[in-house]
Amino acid sequence: MNENDWRFVKKRTAADGAVYVAADATRYKRTGGAELQAEAAFQRRIADLDYPVPHVLEEGVTDDGHHYVVEESLGDQTLHDRAVTSLDGSRSLPDDVADTAAQVAARLLRAQAAHLVQPTPGTLRQWLDSAGFTHNVFQENPDLDNIRTHATLDHALDHLGTVPLVHGHLDYGLPNVLPAGVIDWQHHGLVPLGYDVLPALEIIAFKGGTKGYTASPGQRHRYLAALDDASLTATGHPVSQNLGAYLLVKALFFLALMRPIDPTRTDKHLKWQYRRHLFTEGLEQYERTGTVDTALFPGLEEFAAGHSAGDHP
């Protein structure tokens with residue numbers, strides 16, 4: 001492979017490797033360790049199941065021993081990138097981006113629903129621990145490792161007990177979605193149907209306003225309605241009824257690995273405290289109502305003001 005045909009794009013955030021784009025922009029190359037082989041094999045498999053993913057064109061080992069995978073380009077701008085570049089002074093997510101997100105999510109949901117996976121005992125618990133990084137959360141926040149938290153999580157798992165399992169992304173969001181499909185499947189695993197796609201607009205709130213845009217109530221409603229329509233057609237059941245349980249797991253995900261090691265990093269400590277607050281608020285909401293409304297979450301600036309005034313622990 002001629003290295004002069006490739007331009008460096010970025011380092012891979014969760015792996016030892018990088019991303020390159022071909023000179024004609026029709027292909028992307030990713031490098032990494034042996035785990036990249038497993039990701040490529042998985043991506044080939046789900047492409048054959050009509051998942052909206054890039055087709056793997058080539059794979060091998062570089063002269064310096066790194067694995068590489070070449071895949072077709074689905075475009076050069078994710079929906080996150082489109083949202084950021086489309087902002088016109090407001091923080092509103094453009095409607096065309098939100099509606100495109102719903103279309104892609106519905107395509108993925110239909111493909112997942114067409115290829116259900118038979119669960120084994122403990123699979124749903126394994127998903128919770130993996131998707132929510134529960135070991136890390138409780139290690140960094142031992143006060144949250146209590147009867148109340150575990151009882152609420154157990155209740156969420158009971159609610160999801162009849163939801164079918166599917167091959168999932170586990171890191172789904174607008175930064176990994178393009179109009180033509182979904183990229184970056186390195187964290188793939190079994191998930192309950194809807195876990196990937198349902199929270200995509202809701203999880204914007206966990207960034208506290210620092211993503212640059214927010215989804216309106218109308219956009220969130222249309223997005224969930226599109227997924228319910230796809231799910232009802234494919235399975236006979238709406239998926240939005242599981243959103244609360246999924247957001248509880250997402251609250252764990254966004255809290256994991258947040259506790260700062262450096263005591264002088266007050267900014268990091270504030271963000272950690274903010275994510276703790278969102279988790280405990282989500283926990284309280286789910287206890288009361290069986291769902292989580294991210295519109296009730298404070299923004300990071302609002303939380304910081306209250307934090308400095310002593311309104312938060």
Side-chain angles (χ1 to χ4, degrees), residues 1-3 5-6 8-22 25-76 78 104-133 163-173 175-197 200 234 253:
M1 180 178 297
N2 188 348
E3 293 302 317
D5 293 340
W6 299 95
F8 173 80
V9 176
K10 62 179 181 179
K11 289 285 189 182
R12 298 185 70 198
T13 55
D16 178 21
V19 179
Y20 304 84
V21 64
T26 62
R27 295 158 296 145
Y28 278 87
K29 180 177 72 172
R30 291 178 294 137
T31 63
E35 75 285 345
L36 189 59
Q37 287 181 303
E39 181 186 349
F42 176 78
Q43 197 164 311
R44 288 182 187 275
R45 188 161 71 251
I46 61 174
D48 290 340
L49 301 179
D50 291 327
Y51 278 51
V53 299
H55 285 86
V56 175
L57 306 175
E58 181 185 349
E59 56 186 304
V61 181
T62 63
D63 292 340
D64 60 359
H66 282 84
H67 293 274
Y68 73 85
V69 171
V70 177
E71 61 190 24
E72 66 176 334
S73 170
L74 296 186
D76 61 356
T78 67
V104 178
R107 286 176 58 201
L108 176 57
L109 183 71
R110 285 192 293 267
Q112 290 175 318
H115 302 283
L116 304 180
V117 178
Q118 187 65 33
T120 58
T123 303
L124 200 59
R125 173 69 63 176
Q126 292 171 7
W127 158 75
L128 167 64
D129 290 338
S130 175
F133 289 87
V163 178
L165 297 178
V166 297
H167 297 294
H169 189 281
L170 278 167
D171 192 25
Y172 189 92
N176 287 326
V177 179
L178 297 96
V182 185
I183 60 174
D184 290 349
W185 288 80
Q186 62 197 32
H187 302 293
H188 63 85
L190 293 182
V191 305
L193 181 67
Y195 174 72
D196 279 337
V197 294
F253 171 84

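In this text the structure is predicted, and so the values were computed from the model without any measurement.
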Locate the shortest heavy-atom distance separating H188 from A38; write the atom from each residue and the value. NE2-O, 4.1 Å
Roughly how far, to the nearest 0.5 Å, is the CD atom of Q118 from the CG atom of L190? 11.5 Å
Nearest heavy atoms of Y172 and H169, plus distance in Å: N-ND1, 3.2 Å
Taking H187 for the side chain and A131 for the main chain, is one N or O donor matched with an acceptor at less than 3.5 Å? no
Could you tell me if the side chain of V166 sits less than 4.5 Å from the side chain of V191, heavy atoms only? yes
Any side-chain heavy atom of F42 within less than 4.5 Å of one from V56? no
Least distance between heavy atoms, V182 atom then L74 atom: N-CD1, 3.9 Å
Do you know the tightest heavy-atom contact between Y28 and D76? OH-CA, 3.8 Å
Under the salt bridge (charged side-chain N to carboxylate O under 4.0 Å, His left out) definition, can you give me all pairs with a residue in residues 36-47, not counting sequence neighbours? R12-E39, R30-E39, R44-E59
Run the side-chain donor-acceptor check on residues 108-116: report pairs under 3.5 Å with partners two or more places apart or on a different chain.
| residue | atom | partner | partner atom | Å |
| --- | --- | --- | --- | --- |
| Q112 | NE2 | H167 | O | 3.1 |
| Q112 | NE2 | D196 | OD2 | 3.0 |
| H115 | NE2 | L49 | O | 3.3 |

Flag if over 12 foreign heavy atoms under 6.0 Å of CG, D63: no
Which residues share a ring pair (Phe, Tyr, Trp, His ring centres under 6.0 Å) with Y195, sequence neighbours left out: W127, Y246
Can you list everything that forms a ring pair (Phe, Tyr, Trp, His ring centres under 6.0 Å) with H66? Sequence neighbours excluded, please. none
Heavy-atom nearest pair, A40 first then V69, reads CB-CG2, 3.7 Å
Shortest non-hydrogen contact between P52 and R107, atoms and distance: CB-NH2, 3.3 Å
According to side chain to side chain contact (heavy atoms under 4.5 Å, CB included), who are the partners of Q37, at least two apart in sequence or on a separate chain? A34, H67
Considering only heavy atoms from C-beta outward, does the side chain of T123 approach that of L165 to under 4.5 Å? yes
Would you say the side chain of L170 lies within less than 4.5 Å of the side chain of F253, judging by non-hydrogen atoms? no
Taking atom types as modelled, is there a side-chain donor on E58 or Y68 under 3.5 Å from an acceptor on the other? yes
Listed partners of D129 passing side-chain hydrogen bond (donor to acceptor under 3.5 Å, both in side chains), at least two apart: T134
Set out, in order, the CA-CA distance, both residues' side-chain angles and the distance that settles side-chain contact (heavy atoms from CB on, under 4.5 Å) for Y20 and V70, then state yes or no. CA-CA 9 Å; Y20 304 84; V70 177; over 6 Å; no
Nearest 0.5 Å, please: how far is CG in L57 from CZ in R27? 8.0 Å
Between CZ on residue F8 and OG1 on residue T31, distance to nearest 0.5 Å: 9.0 Å
In terms of relative ring orientation, are W185 and Y51 parallel, tilted or perpendicular, with 30° and 60° separating the classes? perpendicular
Kindly compute the distance separating CD (Q43) from NE2 (H55), expressed to the nearest 0.5 Å. 9.5 Å
Does some side-chain heavy atom of V21 sit less than 4.5 Å from a side-chain heavy atom of S73? no
